[in-house]
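What follows is a single structure, written as structure tokens, with notes after it.
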Amino acid sequence: MPKNSKVVKRELDDEVIESVKDLLSNEDSADDAFKKSELIVDVQEEKDIDAEDESEVEDERPAWNSKLQYILAQVGFSVGLGNVWRFPYLCQKNGGGAYLLPYLILLLVIGIPLFFLELSVGQRIRRGSIGVWNYISPKLGGIGFASCVVCFFVALYYNVIIGWSLFYFSQSFQQPLPWDQCPLVKNASHTFVEPECEKSSATTYYWYREALNISSSISESGGLNWKMTVCLLAAWVVVCLAMIKGIQSSGKIMYFSSLFPYVVLICFLIRALLLNGSIDGIRHMFTPKLEMMLEPKVWREAATQVFFALGLGFGGVIAFSSYNKRDNNCHFDAVLVSFINFFTSVLATLVVFAVLGFKANVINEKCIAENSKMIVKFLKMGNISKDIIPHHINLSSVTAEDYHLVYDIIQKVKEEEFPALHLNSCQIEDELNKAVQGTGLAFIAFTEAMTHFPASPFWSVMFFLMLVNLGLGSMFGTIEGIITPVVDTFKMRKEILTVICCLLAFCIGLIFVQRSGNYFVTMFDDYSATLPLLIVVILENIAVSFVYGIDKFVEDLKDMLGFAPNRYYYYMWKYISPLMLLSLLIASVVNMGLSPPGYNAWIEDKASEEFLSYPTWGLVVCILLMVLAILPVPAVFVIRHCNLIDNSSGNLASVTYKRGRVLKEPVNLEGDDASLIHGKISSEMSSPNFGKNIYRKQSGSPTLDTAPNGRYGIGYLMADMPDMPESDL
């Protein structure tokens with residue numbers, strides 16, 4: 001039996017260990033004395049053993065050096081690249097400032113309650129995702145395995161993005177920046193601008209041709225891109241070295257990787273606000289379009305963003321919280337981290353649109369200058385009468401307001417002939433309405449804006465170093481979501497497992513650094529995480545609220561925290577959150593069904609993107625990604641339900657009887673102790689109700705000195721067993 005478990009004793013001269021199956025099969029039906037026998041426990045001796053063993057377990061499991069380190073780890077995991085390149089896009093697309101209201105509502109309804117739930121179960125049971133869900137319900141133990149699979153899929157392509165950022169970071173130590181101008185091509189007779197670059201832009205050309213050297217479709221592999229292969233290897237080496245000692249090594253790095261992005265964002269915001277056009281960008285961003293709040297799509301996208309922004313379902317939240325002390329106030333942590341995440345998204349949005357506003361202003365000034373020259377040309381040719389131009393306007397150095405005045409006059413006077421003039425209105429809003437997200441924002445739009453900054457290499461170095469740190473913070477949580485549950489369950493050495501995991505991920509990740517690799521990143525991003533994670537979190541909610549029991553869970557929280565959580569969470573967990581998650585799942589499935597599966601391919605001849613459908617094998621891969629991610633859930637359920645794996649060999653499948661003293665309290669064969677007699681593993685037992693019978697005392701014996709968080713409770717002791725067979729798979 002595990003060294004922490006309580007020994008069941010019986011008055012016998014010799015110690016006898018029998019399997020439960022044999023014990024029950026040989027039981028005499030008339031042996032009423034056995035059925036009414038009583039458990040024998042020496043309470044004082046048990047108190048000493050429990051205290052000793054618990055201190056051993058506390059010493060065994062690593063712990064955070066400080067509360068600040070833990071908060072930074074959770075913030076680093078939840079605040080990622082999506083806060084910088086996804087949230088601003090959604091905000092602009094879905095009503096500007098009005099989008100913040102549905103986002104906040106859904107953060108309170110879905111985000112904080114479910115984040116609090118994951119923090120609570122991790123801290124209470126002190127195991128990774130596999131151990132936690134096996135403990136709560138063995139039949140739903142596949143939830144933990146599904147989380148690990150999704151984490152692995154996400155880690156595969158997420159580190160590729162860090163590799164891209166490392167490449168741009170390494171190229172930023174140049175003046176001018178290499179993506180500042182289109183390259184020139186020389187032939188025997190003359191020099192000309194690269195046609196692909198001339199048709200697009202310098203930053204677009206550099207991204208697709210110089211960095212990715214992208215192929216024209218997902219079917220054209222094109223071989224490995226050696227530059228990106230080296231960057232991917234560097235990214236995995238950094239992750240491996242940071243994670244090799246678990247939180248003892250990654251926790252120290254969190255002080256830099258979690259805080260540095262805020263320093264950069266604030267510096268960017270201050271610098272951008274001093275540039276022309278930044279206020280136009282921010283004004284455009286936060287001008288509310290209230291009518292869009294009535295569209296279901298806005299709420300669906302807000303819910304999805306809340307869901308992924310906090311890292312729900314990945315297992316990283318559970319893994320990090322499992323290294324906490326049991327009396328830690330995880331409710332405070334849940335609220336704090338959630339709002340830090342929200343305000344980080346708002347800060348990033350301010351920065352992005354201040355910079356894009358400056359960029360739009362630069363482009364708009366060029367547009368006005370070019371069109372003013374065209375108007376002067378038309379005036380000289382006589383196509384436009386000089387009399388219609390106001391005398392105070394000098395077209396050689398015209399302001400934006402004067403140009404728009406001239407443009408409107410010409411449009412009214414030359415109503416029929418106006419389209420033939422090909423004049424552009426040069427509105428800054430038109431440029432700001434060109435919504436970009438993801439890699440298009442980070443590696444094209446933002447890099448182009450930075451080329452116009454004074455001391456642009458410095459800002460480029462800062463920006464891409466920030467992206468690397470944002471990515472690493474999320475990667476640490478993602479890898480911890482794989483390493484912690486596997487180490488807890490299968491008792492592997494963390495160092496060896498970390499190296500194996502990173503090496504395997506790098507080898508598989510080579511598909512993302514082919515010339516067609518960007519298309520595979522899109523495929524994995526669209527199909528490997530969205531639906532599987534939604535299903536995982538729905539099952540987590542159901543497991544706690546309906547299988548384990550919401551009342552029992554609230555009692556556990558009261559015992560652990562020292563206070564009862566607000567009744568609001570009870571209703572959220574039991575009614576509102578499951579309904580909202582199911583609605584989100586249905587909406588996501590419908591949206592996926594209505595959207596043709598495909599990707600945006602870069603066509604070299606046209607120097608533009610074109611939507612292409614996945615080939616048949618690509619569709620098979622998309623389906624396999626979703627199936628493999630969620631397959632552990634039904635697989636473990638069937639194995640547990642049908643008893644396909646023999647549990648009799650487990651440590652808790654045998655009962656030890658020793659000599660001892662008889663308790664004055666009779667055994668309740670229908671209660672918690674009956675589950676031991678029936679040979680169930682701890683996670684299959686009815687979880688004890690900590691609010692009522694956790695502190696079992698022997699009358700006339702010394703009282704147990706119980707801590708306010710119930711540290712001597714049966715459930716916690718079971719959770720502390722290092723040898724507990726959390727998975728029989």
Original post:
Going by atom types alone, do Asn328 and Gln123 pair a side-chain donor with an acceptor below 3.5 Å?
Top reply: yes
Original post:
Between CE of Met285 and CG of Leu356, what distance do you get to the nearest 0.5 Å?
Top reply: 10.5 Å
Original post:
Has the side chain of Ser474 got a donor or acceptor atom that lies under 3.5 Å from a matching backbone atom of Phe77?
Top reply: yes
Original post:
Aromatic rings Tyr571 and Tyr575: how do their planes relate, parallel, tilted or perpendicular, breaks at 30° and 60°?
Top reply: parallel
**OP:** Using the six-membered ring wherever Trp is involved, compare the ring planes of Phe268 and Phe453 and label them parallel, tilted or perpendicular (cut-offs 30° and 60°).
**Re:** tilted
**OP:** Could you pull out the closest heavy-atom pair between Asp430 and Ser425, with the gap in Å?
**Re:** OD2-OG, 3.7 Å
Original post:
Would Tyr70 and Asn65 satisfy side chain to side chain donor-acceptor pair (under 3.5 Å), going step by step from the backbone distance to the final call?
Top reply: CA-CA 8 Å; Tyr70 165 67; Asn65 290 338; over 6 Å; no
Original post:
Of all residues at least two apart in sequence or in a different chain, which pass the side-chain hydrogen bond (donor to acceptor under 3.5 Å, both in side chains) check with Thr344?
Top reply: Tyr262
Original post:
Relative to the ring of Phe464, is the ring of Tyr168 parallel (under 30°), tilted (30 to 60°) or perpendicular (over 60°)?
Top reply: tilted
Original post:
Parallel, tilted or perpendicular: which describes the rings of Tyr599 and Tyr519, with under 30° parallel and over 60° perpendicular?
Top reply: tilted
Subject >> side chain to side chain contact (heavy atoms under 4.5 Å, CB included) between Phe524 and Val154, intermediate numbers included >> reply: CA-CA 7 Å; Phe524 271 66; Val154 171; over 6 Å; no
**OP:** Could you tell me whether Arg567 sits above the aromatic face of Tyr570, with NZ or CZ closer than 6.0 angstrom to the six-membered ring centre and within 45 degrees of the axis?
**Re:** yes
**OP:** Measure from the ring center of Trp133 to the ring center of Phe145 and say whether it is less than 6.0 Å.
**Re:** no
Original post:
Roughly how far, to the nearest 0.5 Å, is CD1 of Ile110 from CD1 of Ile105?
Top reply: 11.5 Å
Subject >> Pair Phe553 and Trp573, ring centroids less than 6.0 Å apart >> reply: yes
**OP:** Assert yes or no for the condition that the ring centre distance of Phe353 to Phe286 is strictly below 6.0 Å.
**Re:** no
What side-chain donor-acceptor pairs closer than 3.5 Å can you find for residues 114-121, not counting sequence neighbours?
unit_1 : atom_1 : unit_2 : atom_2 : d
Glu118 : OE2    : Gly313 : N      : 2.9
Ser120 : OG     : Phe116 : O      : 2.7

**OP:** Evaluate the side-chain proximity of Pro578 to Ile542: yes if any heavy-atom separation is below 4.5 Å, no if none is.
**Re:** no
Subject >> Where Ile125 and Val132 come nearest, the two heavy atoms and their spacing >> reply: CD1-O, 3.9 Å
Subject >> Nearest heavy atoms of Ser129 and Ile318, plus distance in Å >> reply: N-CG2, 4.0 Å
Subject >> Chi angles and distances behind the salt bridge (Lys or Arg N to Asp or Glu O under 4.0 Å) call for Lys67, Asp333 >> reply: CA-CA 10 Å; Lys67 180 67 175 280; Asp333 300 342; 3.1 Å; yes
Subject >> Worked verdict on Leu557 versus Met560 for side chain to side chain contact (heavy atoms under 4.5 Å, CB included) >> reply: CA-CA 5 Å; Leu557 286 179; Met560 182 173 71; 3.7 Å; yes
Subject >> Heavy atoms from other residues, nucleotides or ligands near CZ of Phe332 exceed 12 (cutoff 6.0 Å) >> reply: no
**OP:** For the residue pair Phe446 and Phe463, categorise the inter-ring angle as parallel (less than 30°), tilted (30 to 60°) or perpendicular (more than 60°).
**Re:** parallel
**OP:** Start with the C-alpha gap between Leu531 and Ile630, add the side-chain angles, then the distance that decides, and say whether side chain to side chain contact (heavy atoms under 4.5 Å, CB included) holds.
**Re:** CA-CA 9 Å; Leu531 288 183; Ile630 209 64; over 6 Å; no
**OP:** Give the minimum heavy-atom separation between Val150 and Ala629, together with the two atoms involved.
**Re:** CG2-CB, 3.8 Å
Original post:
Excluding sequence neighbours, so at least two apart, what forms side-chain contact (heavy atoms from CB on, under 4.5 Å) with Leu582?
Top reply: Ile538
Subject >> Intermediate values then yes/no, side chain to side chain contact (heavy atoms under 4.5 Å, CB included), Lys558 and Phe563 >> reply: CA-CA 5 Å; Lys558 182 178 179 181; Phe563 63 89; over 6 Å; no
**OP:** For Cys91 and Tyr99, work out which heavy atoms get closest and say how close.
**Re:** CA-CD2, 3.6 Å
Original post:
Does any N or O in the side chain of Thr203 come within less than 3.5 Å of the main-chain N or O of Thr447, such that one atom is a donor and the other an acceptor?
Top reply: no
Original post:
Who are the side-chain hydrogen bond (donor to acceptor under 3.5 Å, both in side chains) partners of Tyr157, not counting sequence neighbours?
Top reply: Asp525
Original post:
What are the two closest heavy atoms between Leu140 and Ala543, and how far apart are they?
Top reply: CD1-CB, 3.6 Å
Per-pair distances, 0.1 Å, donor-acceptor, side chain in residues 292-300, under 3.5 Å, sequence neighbours excluded:
unit_1 : atom_1 : unit_2 : atom_2 : d
Trp299 : NE1    : Met293 : O      : 2.6
Arg300 : NH2    : Asn591 : OD1    : 3.4

Original post:
What pairs meet the side chain to side chain donor-acceptor pair (under 3.5 Å) rule with one or both residues in residues 273-290, with sequence neighbours excluded?
Top reply: Asp280-Arg283, His284-Asn433
Original post:
Rounded to the nearest 0.5 Å, what separation is found between the CE atom of Met462 and the CE atom of Met450?
Top reply: 11.5 Å
**OP:** Using the side chain to side chain donor-acceptor pair (under 3.5 Å) rule, take Asn83 and Ser345 through it: C-alpha gap first, then chi angles, then the decisive distance, then the call.
**Re:** CA-CA 5 Å; Asn83 296 72; Ser345 298; 2.8 Å; yes
Original post:
Does Lys552 make a cation-pi contact with Tyr548 (under 6.0 Å, within 45 degrees of the axis)?
Top reply: yes
Subject >> Distance-only side-chain donor-acceptor flag, Ser172 / Ser460, under 3.5 Å >> reply: yes
Original post:
Without hydrogens or angle criteria, can the side chains of Asn94 and Glu301 be said to hold a donor-acceptor pair below 3.5 Å?
Top reply: yes
